[in-house]
Protein chains: 2
Amino acid sequence: MRIGEATEIPAADSAVSQKSARARSRAVMEQRILAAAAAVFSEAGFDAATTAAIAERAGLPKANIHYYFRTKELLYQKVLADVLDIWIEQMDLFTTEADPAVALRLYIQAKVALARSYPIESRVFANEMLHGAPYLGRFLGSKLKARVDAIATVFARWAAQGKIAADVDAHHLMFTLWAATQTYADFSVQVGAVLGVDALSEKDYERAAEQLTILVLRGCGLDN
Amino acid sequence: MRIGEATEIPAADSAVSQKSARARSRAVMEQRILAAAAAVFSEAGFDAATTAAIAERAGLPKANIHYYFRTKELLYQKVLADVLDIWIEQMDLFTTEADPAVALRLYIQAKVALARSYPIESRVFANEMLHGAPYLGRFLGSKLKARVDAIATVFARWAAQGKIAADVDAHHLMFTLWAATQTYADFSVQVGAVLGVDALSEKDYERAAEQLTILVLRGCGLDN
DNA sequence: GTCTATAAACTGATAGAC
DNA sequence: GTCTATCAGTTTATAGAC
């Protein structure tokens with residue numbers, strides 16, 4: 001297929017219309033492969049995931065995977081980058097002007113919602129951490145650390161203003177919030193088994209968020 | 001070497017002395033292999049772990065691994081069983097007679113101590129959960145569920161006696177406690193990076209336990 | 001019991017026809 | 001761009017000398 005053939009549709013969105021039919025086709029295939037790759041990586045981890053499994057899930061011959069992503073490593077890095085995009089944009093809630101109780105409540109709800117809506121991405125991230133973060137190591141010590149340090153500053157101001165208990169360490173609080181929310185994605189098998197259900201329902205996630213909110217707000221000395 | 005040769009030492013402990021020299025030698029080799037296997041499984045997960053890597057870490061030829069454990073799967077199951085032994089014996093603290101604050105404080109300290117002393121075992125367990133618990137699935141829905149259900153009964157009694165906040169769900173509290181403590185083993189790379197340290201020190205683990213205790217006790221409506 | 005050698009299957013990646 | 005065939009390397013597991 002050449003550029004500007006019959007399938008070329010004038011799009012309303014200019015950013016899209018600037019792409020040729022070929023480029024659009026490539027983007028579609030890449031998305032399809034990335035989705036399949038994320039699923040396989042989440043189930044197996046990087047080392048155990050096979051390009052054959054990714055190809056099969058994408059409904060493509062194995063060689064096509066290597067045509068769009070030269071190596072398995074490049075494909076994994078792209079998956080990880082997409083996963084990070086989802087994860088990092090949650091911490092803006094913690095500003096000095098915000099109400100601590102409201103910020104914490106919204107953050108917990110957002111994180112539990114992420115665990116429910118993006119379990120695959122959550123597990124890819126968990127696998128990466130569990131295996132020593134060979135690809136995300138840099139990000140953790142730079143960008144993520146900076147974000148949490150900034151949040152700690154906000155918590156210190158809140159504490160100085162008497163808005164929150166002074167003995168709460170923001171760093172460790174974040175570790176607990178991350179762990180407690182991600183467990184509903186990463187360890188959903190365990191949670192489901194202990195609750196006695198096959199799969200977690202919307203009610204289960206709501207209750208999870210509600211319970212964690214109760215614990216954390218009261219734990220931070222905030223009236224519920 | 002035949003049974004009853006010069007290396008046969010009369011042992012004070014009868015249980016040990018009943019074992020032949022051959023059996024003891026076998027037990028030693030099995031332990032050596034199991035330790036190496038746990039390390040490799042914790043770093044790679046079951047699928048990505050190779051018997052060659054286990055052999056290398058144990059300082060043995062690869063064939064010897066298969067002599068003591070016929071298949072990689074049997075070796076993994078034995079490692080998992082040993083891991084479970086470490087993990088399940090922590091919940092006896094929660095009895096109706098116990099003081100809720102004391103029980104929770106001790107449980108958190110014990111769990112954080114486990115995360116520090118047995119990070120390998122913790123990661124093997126985490127890997128198994130993350131990949132859908134193909135080998136521990138049964139255990140989760142039977143033995144573990146029964147334990148947590150029993151704890152929930154204790155919490156209900158405590159709540160009825162006014163000893164603990166009535167709106168705390170014991171099941172979700174346990175999920176949070178497990179996740180928050182295990183994160184110091186499973187995600188120690190992330191924790192260390194955000195704290196700005198290469199490796200977590202004893203002080204870091206102490207602070208982790210202390211902070212989680214503050215949050216949970218106050219969160220459960222208990223005077224600290 | 002230990003170890004070298006090797007079988008049989010699978011892995012990431014590529015060549016080359018279409 | 002797509003796909004079959006295939007390479008070189010690795011994997012689990014075993015055979016068989018010692």
**Side-chain N,O (Tyr67(B)) to OP1/OP2 (dC3(C)) below 4.0 Å** = no

**Asked** Hey, is the side chain of His66(A) poking within less than 4.0 Å of OP1 or OP2 on dT14(C), counting only N and O atoms?
**Response** no

Hey, does [X] reach any base, or is it just sugar-phosphate, or nothing, if we go heavy atoms under 4.0 Å?
| X | result |
| --- | --- |
| Ser25(A) | nothing |
| Tyr68(A) | sugar-phosphate |
| Ala48(A) | nothing |

**Message:** Any salt bridge linking Asp92(B) with Arg147(B)? Criterion: basic side-chain nitrogen under 4.0 Å from a carboxylate oxygen.
**Reply:** yes

**Prompt:** What pair of heavy atoms forms the shortest contact from Val189(B) to Met129(A), and how long is it?
**Reply:** CG2-O, 3.8 Å

Could you please name the option among [options] that lies closest to any side-chain atom of [X]?
| X | options | answer |
| --- | --- | --- |
| Thr50(B) | dG1(C), dT4(C), dT11(D) | dT11(D) |
| Arg22(A) | dA13(C), dG1(D), dT2(C) | dG1(D) |
| Arg70(B) | dT14(D), dT12(D), dT2(D) | dT14(D) |
| Ala63(B) | dA15(D), dT14(C), dC3(D) | dA15(D) |

Rounded to the nearest angstrom, tell me the gap between atom [atom1] in [X] and atom [atom2] in [N].
| X | N | atom1 | atom2 | result |
| --- | --- | --- | --- | --- |
| Leu60(A) | dG1(D) | CG | C1' | 11 Å |
| Asp47(B) | dT12(D) | CG | P | 10 Å |
| Ile33(A) | dG1(D) | CD1 | C1' | 11 Å |

**Message:** Once you measure the plane-to-plane angle for Trp87(B) and Phe125(B), does it fall in the parallel (<30°), tilted (30-60°) or perpendicular (>60°) bin?
**Reply:** parallel

**Item:** Between CD1 on residue Ile108(A) and CD on residue Gln90(A), distance to nearest 0.5 Å
**Value:** 12.5 Å

